[in-house]
Amino acid sequence: MTGLSIDNLSMRFELPNGGAVQALENVSLDLKEGELLSVLGPSGCGKTTLLNIVAGFLAPTGGKLMLNGKQITGPDAERGMVFQQGALFEWMSVRDNVSFGPRMAGKPASDYNSEVDNLLDIVGLQDFKEKMVYELSGGMQQRVALARCLANEPDVILMDEPLGALDALTREKMQSLVLKLWKETGKTIILITHSVEEALLLGERLIVMAPRPGRIHTEYQLPFAELGVGADLREVKKHPEFNPRREEILSMIWDMEEEIMGRTETGS
Ligand SMILES: Nc1ncnc2c1ncn2[C@@H]1O[C@H](COP(=O)(O)OP(=O)(O)OP(=O)(O)O)[C@@H](O)[C@H]1O
Ligand SMILES: [Mg+2]
């Protein structure tokens, strides 16, 4: 069986003061191989927790996760993570960052050199491969992070706000790049974002999560990611369904935030 299966997942954090946080409750989700899922939801609804569990960094307190028929019990190169920023080796060149995984796996350079070049080409960094990471702009650094993740040949790519720290124009270019990588590599991708527009553009499937306890609130199947491959994303946003979806999801999240504020104000 291929794909990722998340079955009845729960995560409860016990706090030092004796309290507890139910970060996730009964989250179930099946992702087919090659699916592109975006995840939205108010702060604290468990998005990062969900991703960390799929990555194997955290063990859930309930439920089961399977990837390609095998239970997930810890981190593994089959699941690659791209963070918001800061996860690169600043003192290494672009090329050494991207080849880090294969080198650590003990592969000889002749095995991975051409693939590293190919990945640097795909992310548009062929001319920068000998530069040190600290010499690059934020957008370029995120492209290195994407290439480094792909060099490990993961089946699933997990991204937690990968474009959140970028300026608007760079972010737009990176959104196109994520779509291109998705199509060219056929990887399964889960992408967390705070931007409703980004979630609509980069999710052929989109889930909105709700907090306290963290759970899946609403799910959409969307045409925009497919339409956006190799296209101008500003044109995609003119699609007649785009704005109504955007407004609907914005109000949904707005209502959740209001509810949280209300509860906080009344001290419950
Ligand atoms: N290690 C931990 N110990 C205790 N509580 C935690 C821990 N990690 C997360 N939590 C709590 O679990 C809930 C979900 O946190 P999580 O970081 O997954 O939210 P998020 O949706 O990623 O939020 P944001 O959008 O702000 O990144 C929050 O209430 C958070 O305080
Ligand atoms: Mg988070």
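Source: prediction; values computed, not measured. Indexing begins at 1, ligand by ligand and atom by atom, following the structure's order.
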**Q.** salt bridge (Lys or Arg N to Asp or Glu O under 4.0 Å) between R212 and E259, intermediate numbers included
**A.** CA-CA 11 Å; R212 305 185 183 191; E259 206 192 314; over 6 Å; no
Q. What do the steps show when you test E25 against R12 for salt bridge (Lys or Arg N to Asp or Glu O under 4.0 Å), and what is the final call?
A. CA-CA 8 Å; E25 193 170 79; R12 186 179 164 87; over 6 Å; no
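Of the N or O atoms in C45, one or more lie within a sub-3.5 Å distance of an N or O in ligand 1.
The contact set between ligand 1 and A23, taken as ligand atoms under 4.0 Å from a residue heavy atom, comprises 12 (O), 13 (C). Which parts of ligand 1 touch L15 is read off a 4.0 Å heavy-atom cut-off, strictly below it: atoms 4 (C). Each of the atoms 25 (O) of ligand 1 lies under 4.0 Å from some heavy atom of H194.
When all heavy atoms are compared, the tightest approach of Q141 to L136 is NE2-O, 3.3 Å. Residues A165 and Q84 share a closest heavy-atom pair of N-NE2, 3.6 Å.
Annotation: atom 16 (P) of ligand 1 to nearest protein heavy atom, T49 OG1, 3.6 Å. Scanning all protein heavy atoms for the shortest distance to atom 30 (C) of ligand 1 gives V21 CG1, 4.8 Å. Remark: minimum distance from atom 1 (N) of ligand 1 to any protein heavy atom is reached at F13 CE2, 3.6 Å. The closest protein non-hydrogen atom to atom 28 (C) of ligand 1 is G44 O, 3.8 Å. Protein heavy atom nearest atom 24 (P) of ligand 1, with residue, atom name and distance: S43 OG, 3.6 Å.
Looking at K47 and E161, no side-chain N of the basic residue comes within less than 4.0 Å of a carboxylate O on the acidic one, giving no salt bridge. A salt bridge links R171 with E198; the closest basic N to acidic carboxylate O contact falls under 4.0 Å.
No chain of hydrophobic side-chain contacts below 4.5 Å, direct or via other Ile, Leu, Val, Met, Phe, Trp or Tyr residues, connects F100 to F83.
For atom 4 (C) of ligand 1, a protein non-hydrogen atom is found at a distance below 4.0 Å. Atom 21 (O) of ligand 1 is approached by the protein to below 4.0 angstrom, counting heavy atoms only.
Within the 4.0 Å heavy-atom shell around ligand 1 one does not find L50. The closest approach between a heavy atom of M209 and any atom of ligand 1 is not below 4.0 Å.
Crowding of E153 atom CD: a count of heavy atoms from other residues, nucleotides or ligands under 6.0 Å not exceeding 12. More than 12 heavy-atom neighbours from other residues, nucleotides or ligands sit within 6.0 angstrom of NZ on K237.
Coordination check, T48 versus the Mg ion (ligand 2): passed, since an N/O/S atom of the residue sits under 2.8 Å.
Counting heavy atoms under 4.0 Å from ligand 1, residue T48 touches it through both backbone and side chain.
Under a 3.5 Å cut-off, the side chain of N97 and the backbone N or O of F89 do form a donor-acceptor pair.
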